[in-house]
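Remarks on the structure that follows.
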Number of protein chains: 2
Amino acid sequence: MPGRLGRGRPFWWHGKFKGCGYKITAGRDAIIEVLSKADKHLSAEDIYLKVHSVYPGVGLTTVYRTLEILVNVGLVYKFDFGDGRARYELSQDEEGEDHHHHLICKKCNRVIDYSDFIEEEAELLNKTEKGLSKKYNFEITGHLIQFYGLCEKCANRK
Amino acid sequence: MPGRLGRGRPFWWHGKFKGCGYKITAGRDAIIEVLSKADKHLSAEDIYLKVHSVYPGVGLTTVYRTLEILVNVGLVYKFDFGDGRARYELSQDEEGEDHHHHLICKKCNRVIDYSDFIEEEAELLNKTEKGLSKKYNFEITGHLIQFYGLCEKCANRK
DNA sequence: ATATAAATGGAAATGGTTATCATTACTATT
DNA sequence: AATAGTAATGATAACCATTTCCATTTATAT
C-alpha cells in the first residue's frame, strides 16, 4: 500500500522531524509533499483530500495531528482568514524565502499574497519587537500582519 | 424588567446604530455597556454572562447577533487569539483612542496589550497600505498586527 | 528479528457559532 | 391610545471544524 511520494528528492524535513523525536511515516511524508507542491492557503480538509486521493490509508485525524506537529516544529504556519477554518502554509518555499503576507477580502474571502514592502516591514517589526521584548519581558518568536478590505471585483460590484 | 444601564451618560453609539437602520434595545445597550466598562478581550460567553447577571432576559443568541452587527458597523473589533473562541473589543475607548495591539503567549494564551511604538507602526502601515492598494487594486479598510511568543512567566518556567 | 513506544484511523464527542421559528417589542402612523 | 408593520428576541436544534478515545498497526533502535 505505498503511495509514490516524490522519491529521490532531499527530504530536508526528516532531520528536523527526527531531531524532535518524531517518526517518519508515509502519511507524514505525503502531507508535507502536498504542502510543498500545492497552491497556498490549504485547509486541513483540502490537504486530507489531496493526500487521500494518492494514499487512501491516511485519515483526516492524522492530517490534523501532523499539521499540529509541523506548526509546533516551525515547518508550517497556521492562519485564520476568518472563514471558520484554519489554513496551513509551509513556512519556507524552495528558495528558503519566507513570505506570508496576505490581503483578505472581507466580502468574498479571497486571499491575495504579496511580497512587496517586506523589507520596510521587516525593519519596523524588528525594531518594534526589540522594544516590546524589553519593556514587557516578552520573548517574541513570531508575528502576524494582515490587511483587510475589498478586492477589485468586490469593490466594483458594490 | 429593566436593568440599570448606566443612565445619564451620552449614548454616543445610538446615532450610528439608528443611522444604519438598527433599533436600540435594552439588550443591545447592555452589551455595549459591558464592552465599554469591562476588561478587554471578552468572549461572547463572557459578555453573555455579564449581561445576563444584570439583565437575565438577554440570551446568548442575541449577544452573538449584536456583536455581529457591532463588528459590521465598525464599533467593535473581533479578534482571534488562537484559543478557539473569538474575542471582542470596542474599537475606541472613552478618549477616542484606537489601540488594539497584542502580545500573545503561545503557552498560556495570556494577552498583553501594548500602546508603544504605535506611531512608527502607523507610519509604516500607511505607507504599505497605499502601495498595496495601488498595486493590487485592493481597497484596504483595516489591518491586524499581533506578536506571538512567551510571556515572562512561561519563559522562566521553561 | 524483537521489543517498545509512537502513530494511526474510524467513530464518537466536543464546543463555539449559526439557523430556525414562533413570539415579543420597538417605532411610526393614525 | 390603538394599530400595523417590521425588526428583534430566546430557546432549541443544527452545524461543522477540530479533538478525543481506543484498539490496532507501525517505525525505529537494539
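Naming convention: chains lettered A, B, ... in sequence-line order (proteins, then strands); numbering from 1 in each chain.
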Legend entry - Nearest to side-chain heavy atoms of Thr25(A), which nucleotide of dA8(D), dA7(C), dT18(D): dA7(C)
Inset, instruction - Determine: side-chain N/O of Tyr64(B) to OP1/OP2 of dT18(C), distance under 4.0 Å, yes or no. - result: no
Inset, instruction - May I ask you to check whether Asp113(A) and His102(A) show a side-chain donor-acceptor distance below 3.5 Å? - result: yes
Inset, instruction - Ignoring backbone atoms, establish whether Arg65(A) has a side-chain N or O less than 4.0 Å from OP1 or OP2 of dT19(D). - result: no
Legend entry - Options dT8(C), dT27(C), dT9(D), nucleotide nearest the side-chain atoms of Arg28(A): dT8(C)
Inset, instruction - Select one nucleotide: of dA7(C), dT9(D), dT18(D), the one nearest the side-chain heavy atoms of Tyr22(A). - result: dA7(C)
Every protein N/O lying under 3.5 Å from an N/O of nucleotides 2-4 of chain D:
none

Legend entry - Proximal nucleotide (of dT27(C), dT8(C), dA11(C)) relative to the Thr61(A) side chain: dA11(C)
Can you give me every donor-acceptor pair (side chain of residues 64-78 of chain B, partner residue at least two apart or in another chain, under 3.5 Å) with its distance?
from, atom 1, to, atom 2, distance (Å)
Thr66(B), OG1, Thr62(B), O, 2.8
Asn72(B), ND2, Glu68(B), O, 3.4

Inset, instruction - Could you please name the option among dT20(D), dT9(D), dT18(D) that lies closest to any side-chain atom of Ala44(A)? - result: dT18(D)
Legend entry - Pair Tyr136(B)-Asp116(A), side-chain donor/acceptor within less than 3.5 Å: yes
Inset, instruction - Kindly give the heavy-atom pair with the smallest separation between Asp80(A) and Gln146(A), and that separation in Å. - result: O-NE2, 3.8 Å
Inset, instruction - Identify, between Gly21(B) and Tyr48(B), the residue whose nearest nucleotide on DNA chain D lies closer to the 5' end. - result: Gly21(B)
Inset, instruction - If the plane angle is over 60° it's perpendicular, under 30° parallel, otherwise tilted; pick one for Tyr114(B) and Phe147(B). - result: tilted
Inset, instruction - Let me know the distance between CG of Asp46(A) and C1' of dT18(D), rounded to the nearest Å. - result: 15 Å
Inset, instruction - Would you mind reading off the distance between Lys23(A) atom NZ and dT4(C) atom P, rounded to a whole angstrom? - result: 13 Å
Inset, instruction - For DNA chain D, find the residues of residues 68-90 of chain A with a heavy-atom distance under 4.0 Å and give them by number; none if there aren't any. - result: Gly84(A), Arg85(A), Ala86(A)
Inset, instruction - Return the value, rounded to whole Å, for the distance between atom CG of Leu67(A) and atom C1' of dT8(C). - result: 15 Å
